[in-house]
Amino acid sequence: MRESFQVKRSISTLGREFFARNPRKVARDLLGRVLVREGSGVRLTARVVEVEAYLGEDDPASHAAPGLTPRNAVMFGPAGFAYVYFIYGAHYCLNVSCGRDGVAAAVLFRAVEPLEGIEEMARARAIEVHGPRDLVRLTAGPGRMAEAFGITRARDNGVDLTSRKRGLWIGDDGFRRGKVMVTPRIGINKAAEWPLRYFLAGNPFVSGRKMA
DNA sequence: ATATCGATTATCT
DNA sequence: GATAATCGATATG
């Protein structure tokens, strides 16, 4: 069977070494990878199209800026683990820890493009998907994609995203990303100019401004 | 298309 | 007691 006839490609996990690097590099290389939720019912998969790097204690915008606390502990630990926080009394957001054990760093997942399990995601979001507009609103934005994947702090904070054991992981399906755009991060007041937001140029599921 | 605003709570000062 | 890595609704051009 020729490659072009293949509909579903197998997905391989990303190893610890992938995440144990500078968060800027991890952020850029995460674009085009696949977020997977499985283990209870239908498998959910979605392509990562927008992320932001958070540099740790020296980054005023990072939750790690005040130093180690119970909330941000995962970011100070080894790379490849889920840091989930709750914000504005309403939304969960998913990050993955990066860099060296003992040094805080993370990448925030801001938007994904749904691949499998769209009906399940819509149910989790409590919205109906009819046109392309609704589809974008399903997973474009950190709070939205977290809700679509049923991510909560109680359930997912501290989960090892390099392992399939807990049913939430990051994989590679062989997709070759196109052009990457870099802009300042969204929704922050401190260090607002730092160019640490990365997204796939032209992808409709990217949230916020789509120009550099 | 851009702007402004309210909701709602875990977390830290 | 103030703040926040957001979202959805409403208002206006």
Side-chain angles (χ1 to χ4, degrees), chain A residues 19 22-24 26-28 30-31 35 46 48-77 79 81-99 103-112 114 121-158 161 170 181-199 204-212:
Chain A
F19 298 100
N22 184 299
R24 302 175 193 239
V26 176
R28 181 180 287 268
L30 232 24
L31 294 175
L35 178 63
V48 180
V49 301
E50 180 188 356
V51 296
E52 283 176 357
Y54 285 85
L55 308 185
E57 290 188 90
D58 295 327
D59 178 355
S62 171
H63 291 168
L68 177 63
T69 70
R71 173 167 84 144
N72 64 27
V74 173
M75 281 196 288
F76 285 82
F81 289 83
Y83 164 51
V84 180
Y85 66 86
F86 186 62
I87 193 69
Y88 295 114
H91 311 287
Y92 291 99
C93 296
L94 173 68
N95 300 249
V96 59
S97 60
C98 301
V103 179
V107 171
L108 167 69
F109 292 87
R110 285 200 56 90
V112 296
M121 293 182 201
R123 191 177 315 159
R125 291 266 295 120
I127 67 173
E128 293 191 354
V129 177
H130 295 127
R133 193 62 188 246
D134 295 331
L135 191 58
V136 164
R137 285 173 45 183
L138 194 56
T139 57
R144 290 168 174 166
M145 56 162 282
E147 187 172 30
F149 271 74
I151 289 168
T152 66
R153 183 168 168 89
R155 182 183 184 187
D156 301 303
N157 191 55
L161 298 177
I170 314 284
M181 306 286 278
V182 185
T183 73
R185 295 173 292 188
I186 290 180
I188 58 173
N189 299 299
K190 305 159 193 163
E193 309 300 299
W194 296 12
L196 295 173
R197 170 176 175 249
Y198 303 80
F199 62 92
F205 291 88
V206 171
S207 71
R209 295 181 229 286
K210 301 180 180 180
M211 297 292 287

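- For the side-chain contact (heavy atoms from CB on, under 4.5 Å) with A:Phe109, the lone residue among A:Thr139, A:Val96, A:Asn95 that qualifies is A:Val96.
- Rounding to the nearest 0.5 Å gives a distance of 9.0 Å between NE2 of A:His63 and CG of A:Asn72.
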In dot-bracket notation, what is the pairing pattern of DNA chain B, taking Watson-Crick (N1-N3 plus N6-O4 or O6-N4) and G-U wobble (N1-O2 and O6-N3) contacts under 3.5 Å, with [ ] crossing and | for other strands?
-> |||||||.||||.
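- Atom CG of A:Asn189 is separated from atom C1' of C:dA2 by 14 Å (rounded to the nearest Å).
- Here the side chain of A:Arg153 pairs a donor or acceptor atom with the backbone of A:Val84 at under 3.5 angstrom.
- Remark: side-chain polar atoms of A:Arg209 are not paired, donor with acceptor, to backbone N or O of A:Thr183 under 3.5 angstrom.
- Rounded to an integer number of Å, the gap from NZ of A:Lys190 to C1' of C:dA2 is 11 Å.
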Using a 4.0 Å heavy-atom cut-off, write out nucleotides 6-13 of chain C from 5' to 3' as B (base contacted by protein), S (sugar-phosphate only) or - (no contact).
-> BSS-----
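- Place A:Arg209 and A:Pro66 on DNA chain B by their nearest nucleotides, and A:Arg209 ends up nearer the 5' end.
- In terms of modelled atom types and a separation under 3.5 Å, the side chain of A:Ser62 and the main chain of A:Leu55 share no donor-acceptor contact.
- Relative to the ring axis of A:Phe205, A:Arg144 does not place its NZ or CZ within 45° and under 6.0 Å from the centre.
- Taking the six-membered ring for Trp and the full ring otherwise, A:Tyr83 and A:Tyr85 have centroids separated by under 6.0 Å.
- Between the side chain of A:Glu50 and the backbone N or O of A:Ser207, at least one donor-acceptor pair lies under 3.5 Å.
- Counting heavy-atom neighbours within 6.0 Å of A:Arg137 CZ, excluding the residue itself, gives a total of 12 or less.
- Remark: A:Asp58 CG is loosely packed, at most 12 non-hydrogen atoms of other residues, nucleotides or ligands lying under 6.0 Å away.
- The nucleotide range of DNA chain B contacted by chain A, defined by atoms under 4.0 angstrom from heavy atoms of the protein and reported 5' to 3', is B:dT8 to B:dC12.
- Residue A:Arg71 is in sugar-phosphate contact alone, with no base atom involved, counting any heavy-atom pair closer than 4.0 Å across all strands shown.
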